[in-house]
Amino acid sequence: KKISLSVTDANGHTEEIDSKLLLCLVANGGYYGGGFHCAPRAKLDDGLLEFLTVKKISRYKFLTFFLGYRKGKHIQSDGTLHRKYAKFLDYRRVKSVVFHNIGNICADGEIFSFDELALSVEEKAIRVCIMPQAK
């Protein structure tokens with residue numbers, strides 16, 4: 001799906017992304033679903049979100065990525081990407097992410113519809129505010 005979003009890093013630099021993506025993940029914790037280790041470097045209280053995107057890739061390449069992703073092998077302990085995923089995977093730790101014209105998202109297994117969605121965290125604190133707009 002083509003997605004439009006703004007990502008702000010810890011230094012306050014904002015980057016606009018307008019691209020077709022297979023997967024876009026924003027996480028504050030390291031795991032989701034049935035034990036997927038999607039964000040192996042995540043810390044709940046550090047004030048940063050894990051931001052990961054996967055470009056459109058073949059089914060075969062996705063399958064090989066998926067196996068490593070499930071186990072948390074896509075990101076190494078020093079924060080660099082595993083070399084076999086580096087061509088189609090983008091990973092960074094960010095302060096906030098704003099999705100524009102998003103539509104439907106899955107948040108912890110529930111589907112929500114949004115026109116715009118802003119996600120951010122603060123160090124040692126968290127405020128969750130979900131205000132869906134009718135479509």
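Since the structure is predicted, the reported quantities are computational estimates derived from the model, not experimental observations.
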Nearest 0.5 Å, what's the [atom1]-[atom2] distance between [X] and [Y]?
X      : Y      : atom1 : atom2 : answer
Glu116 : Ile102 : CD    : CD1   : 10.0 Å
Leu63  : Lys61  : CG    : NZ    : 12.5 Å
His37  : Ile75  : NE2   : CD1   : 9.0 Å
Leu25  : Phe36  : CG    : CZ    : 11.5 Å
Leu21  : Leu5   : CG    : CG    : 7.0 Å
Lys56  : Leu22  : NZ    : CG    : 9.0 Å

Would you kindly confirm whether [X] and [Y] end up in one hydrophobic cluster when ILVMFWY residues are joined by side chain heavy atoms under 4.5 Å apart?
X      : Y     : answer
Leu89  : Ile17 : no
Phe114 : Ile3  : yes
Tyr31  : Tyr69 : no
Phe62  : Leu23 : yes
Leu67  : Ile57 : no

[Y] side chain reached by [X] side chain, heavy atoms, under 4.5 Å:
X      : Y      : result
Lys73  : His82  : no
His100 : Glu16  : yes
Thr8   : Val94  : no
Lys20  : Lys2   : yes
Phe99  : Ile105 : no

Counting distance only, does the side-chain N/O of Gln76 pair as donor-acceptor with the main-chain N or O of Leu81 below 3.5 Å?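 Side chain of Gln76 to backbone of Leu81, a donor-acceptor pair under 3.5 Å: yes, one is there.
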Using modelled atom types and a 3.5 Å cut-off, is there a donor and acceptor pairing between side-chain atoms of Asn11 and backbone atoms of His13?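 Checked: no pair found.
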On the ring face of Phe51, is Arg92 found with NZ or CZ under 6.0 Å from the centre and within 45° of the axis?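 Geometry flag: not set, cation outside 6.0 Å or 45°.
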Please confirm whether the ring centroid of Phe88 lies under 6.0 Å from the ring centroid of Phe65.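 Yes; Phe65 has its ring centre under 6.0 Å from that of Phe88.
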List the atom of [X], the atom of [Y], and the distance in Å for their closest heavy-atom pair.
X      : Y      : value
Tyr85  : Gly68  : OH-CA, 3.5 Å
Val98  : Ala118 : CG2-CB, 4.0 Å
Leu49  : Ser96  : CD1-CA, 4.4 Å
His74  : Pro40  : CE1-CD, 4.0 Å
Val121 : Leu48  : CG2-N, 3.5 Å
Ala27  : Cys38  : CB-SG, 4.4 Å

Could you tell me which residues satisfy side-chain hydrogen bond (donor to acceptor under 3.5 Å, both in side chains) with Arg41, sequence neighbours excluded, listed by chain and number?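 So Arg41 forms no side-chain hydrogen bond (donor to acceptor under 3.5 Å, both in side chains) with any residue.
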Residue pair Thr14 / Ser6, side-chain donor-acceptor N/O under 3.5 Å: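 Short answer, no.
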